[in-house]
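Following: one structure in structure tokens, then a few remarks.
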Amino acid sequence: MSGIPDLDVFRCDLDGINLIEASAGTGKTWNICGLYLRLLLERGLDVQQILVVTFTNAATAELRVRVRTRIVETRDYLVSGIAPGGDPFVPTLVNELAERQKIAEEELIRRLDFALRTFDEASIFTIHGFCQRALGDNPFAAGLPMAMELIQDDSDLLMESVHDYWRRHIAGDALPAEVISFLIGNGDTPERYARLLKRHLAKPLAISLWPDNLDEPPAIDSDPLHAAYADVRRLWIDHRVAIADLLIGSLGSLNGTTYKEASASEGAAQWDELFRTADPLAPLGKYLRLYRDSTLNDRKKKAATPPSHPFFTAAESFLAQRETIDGALALCRLRLIRALLDEAGTRLRESKHARRVVSFDDMLFNVYERLTNGSYPWLAASLKARFPAALIDEFQDTDPLQFKIFHAIYGAKETPLFLVGDPKQAIYSFRHADLHTYLRARQHATQESSLVANQRSSRELLAALNGLFATNPRAFMLPGLDYHPVEFGMKPRSEFVDDSEARAALQVWTLPENDEGPLPKKIARQAVAQAVAAEIARLLREAEDNRIKVAGSPLRAGDIAVLVRSHAQGGETKRALEALGVGSVEISQSSVFQSTDAEEVERV
């Protein structure tokens, strides 16, 4: 695997920072359980001392069940000598512990019994659960109040901070009228600023890039703008019909992509609207520029002469003045937003601290701040003593803040830290995942290994995927992010049999083009939904005739999943299936009260 050794979970070194790259279906949880049992039995750690972190409550619950099941299976094997059928995990683990570590069976049973008795206290958490426990167990070391209430939603407190900022900096008389008009034109409201602040606070280590000239003194002189506006307005009122007819009559000398009769007419309507407002700072339509000298000259055809009129020159002057003042107003707006992020964010944290409440994101920030600001140097040592070994599942979902927390505790590489994940999945940025964080963590790793045997997919599909990605070694573009071929694992899996017609395991469909080229987007999306629905309906018809089976039984609608890019595409696919009489379940953000069933119940 391109120089990265395969992980031998029963023999790998447990010390240091271990990065394990695990593609989907390669037995990630199986190997995490193996590492957990080795730490429990080989290192003699208690379940309370082995920190396991994953990123959802559902994954945490599943991991607890899987780990406990392995403890039970291992104990039962040691007592009865009977191994769980078909899985080499337990016999291999026990043999390795007996032969290499020379640990007596009686001692192994004792440790497993104790682990089962205390398993309710096992330290298997979500990242937020870990941070809550870290602060709750170390309030003095963290410099926090003894008791803080966890709030599920801090949007009311966030809005309170934003409203306070809005009153002090925007709603009063401190801003010039031009700035107020510009903010209104941009749709700025307290609610919009609250969304900006929330996004900023969700990534506290993100670097905000501001224009270099942001702190230059504002130069908002609206007198030249008003004068230019008066000139161009007078010319338009006096010659409106002649100006519009001149431009439309000159379309033959202008670039046809930019200048069309419809866009020229829309531009005239936008000038009408601008002058109706009698406000030179009113929002500008995108077709106004068709009537300015610079656009006419830039978009004329070769050897052609663009139309000329005093209005075009006056429009050039007005729009140039408007661009200058818009630039200055945009800087004013950015200064307000920068101050919002600084002041309102600080006020929000102070307000929460005074009320002794904390949100999920606050828990992460509080742990990070106290581990890294130098004021609480004993906190990292306290947490490492409390959790002398750690396993981080779904590490590709880790953001910079979360990694800095783990690095502050385990970065000295003295104790076991296992980071298990698939960097290819980080490109989707689920749960604020940051691909660059994963790649930076690789630089800190003392050991790197991989899981190469896929235990889920068919041999034919794996061969097809390996072949597809082999055609472009830089498929993911970013250095350090590579596709490594996966092997067919030995775990038994349900067999898919299709006797209906010869089909490849991996198929790529392309939409046909019409006479004018690629289909318009709306039509293409409908065609995709209809094609997918038709194929699903075909599969189910063939299954009814016993020609397509999964695990020996006819394929069912519930065996089929459709992945889409958006909820809108999901709805289109569901409707296309309904049209063919195929029922489906859609994971959607829409309310149940907007469904057809709800409408029918209302009629009753």
Side-chain angles (χ1 to χ4, degrees), residues 178 181-182 185-186 211-213 219-331 333 477 510-525 527:
E178 294 87 352
S181 178
F182 187 79
N186 277 277
D212 294 337
N213 61 341
I220 304 175
D221 182 4
S222 60
D223 290 341
L225 177 69
H226 283 84
Y229 178 80
D231 289 343
V232 74
R233 185 173 186 271
R234 175 181 51 79
L235 286 168
W236 184 258
I237 291 173
D238 292 344
H239 305 286
R240 196 266 188 209
V241 175
I243 295 167
D245 288 348
L246 173 62
L247 184 63
I248 292 174
S250 303
L251 292 178
S253 64
L254 300 170
N255 180 281
T257 303
T258 303
Y259 282 92
K260 297 181 174 68
E261 183 172 350
S263 58
S265 298
E266 180 61 24
Q270 289 175 0
W271 281 108
D272 289 336
E273 179 61 26
L274 176 65
F275 296 136
R276 252 194 308 272
T277 65
D279 180 8
L281 289 169
L284 300 179
K286 67 177 183 178
Y287 293 114
L288 295 181
R289 66 184 182 89
L290 301 182
Y291 287 77
R292 66 188 295 179
D293 273 341
S294 61
T295 304
L296 290 165
N297 283 295
D298 289 344
R299 305 305 292 168
K300 69 180 180 65
K301 293 180 178 178
K302 289 183 178 180
T305 301
S308 177
H309 191 281
F311 177 82
F312 301 150
T313 303
E316 178 70 33
S317 177
F318 166 71
L319 291 175
Q321 288 284 345
R322 177 63 187 269
E323 289 165 358
T324 299
I325 199 168
D326 278 355
L329 292 171
L331 291 177
R333 177 175 180 265
M477 301 175 65
T510 57
L511 289 173
E513 297 185 355
N514 58 24
D515 295 337
E516 300 177 357
L519 298 176
K521 183 176 180 179
K522 182 176 180 180
I523 296 176
R525 285 179 52 169

*Enter the distance from I237:CD1 to W271:CH2 here, rounded to the nearest 0.5 Å.*
12.5 Å

*Identified side-chain contact (heavy atoms from CB on, under 4.5 Å) partner of K300 from the options P306, P307, S250*: P306

Distance-only criterion, 3.5 Å: show the donor-acceptor pairs between side-chain atoms of residues 238-249 and protein atoms not counting sequence neighbours.
unit_1: R240; atom_1: NE; unit_2: D272; atom_2: OD1; d: 3.3
unit_1: R240; atom_1: NE; unit_2: D272; atom_2: OD2; d: 3.4
unit_1: R240; atom_1: NH2; unit_2: D272; atom_2: OD2; d: 2.6

*What are the two closest non-hydrogen atoms of S222 and E178, and how far apart are they?*
OG-OE2, 3.0 Å

*Tell me, please, which residues at least two apart from P520 pass side chain to side chain contact (heavy atoms under 4.5 Å, CB included).*
N514, I523

*Could you pull out all residues at least two apart from S181 that satisfy side-chain hydrogen bond (donor to acceptor under 3.5 Å, both in side chains)?*
none

*Please name all residues satisfying ring pair (Phe, Tyr, Trp, His ring centres under 6.0 Å) with F318, sequence neighbours left out, ordered by chain then number.*
Y229

_Could you check whether any side-chain N or O of Y291 sits under 3.5 Å from a backbone N or O of L296, counting only pairs where one atom can act as donor and the other as acceptor?_
no

*For the atom pair CG (L225) and CD (E323), what is the distance rounded to the nearest 0.5 Å?*
11.0 Å

*With rounding to the nearest 0.5 Å, note down the distance linking CZ in R234 to CZ in F275.*
11.0 Å

*Report yes or no: does S265 contribute a side-chain atom to a donor-acceptor pair with the main-chain N or O of E261 at less than 3.5 Å?*
yes

*Could you pull out all residues at least two apart from R299 that satisfy side-chain hydrogen bond (donor to acceptor under 3.5 Å, both in side chains)?*
N255, T258

*Could you pull out all residues at least two apart from E273 that satisfy salt bridge (Lys or Arg N to Asp or Glu O under 4.0 Å)?*
R276

*Please collect all side-chain hydrogen bond (donor to acceptor under 3.5 Å, both in side chains) contacts where either partner lies in residues 307-322, sequence neighbours excluded, each pair once.*
R292-E316, D293-T313, S294-E316, R322-D326

_K301 (side chain) donor-acceptor with G252 (main chain) under 3.5 angstrom_ = yes

*Considering residues at least two apart in sequence or located in another chain, which fulfil the side chain to side chain contact (heavy atoms under 4.5 Å, CB included) criterion with A314?*
V232, L235

Report, one line per pair, each donor and acceptor closer than 3.5 Å where one atom sits in a side chain of residues 277-290; sequence neighbours left out.
unit_1: T277; atom_1: OG1; unit_2: L274; atom_2: O; d: 2.6
unit_1: T277; atom_1: OG1; unit_2: D279; atom_2: N; d: 3.3
unit_1: D279; atom_1: OD1; unit_2: L281; atom_2: N; d: 2.9

*asked:* Restricting to side chain to side chain contact (heavy atoms under 4.5 Å, CB included), what partner residues turn up for A330, sequence neighbours left out?
replied: F182

*Taking only residues two or more places apart in sequence or in another chain, which ones pass side chain to side chain contact (heavy atoms under 4.5 Å, CB included) with D212?*
none

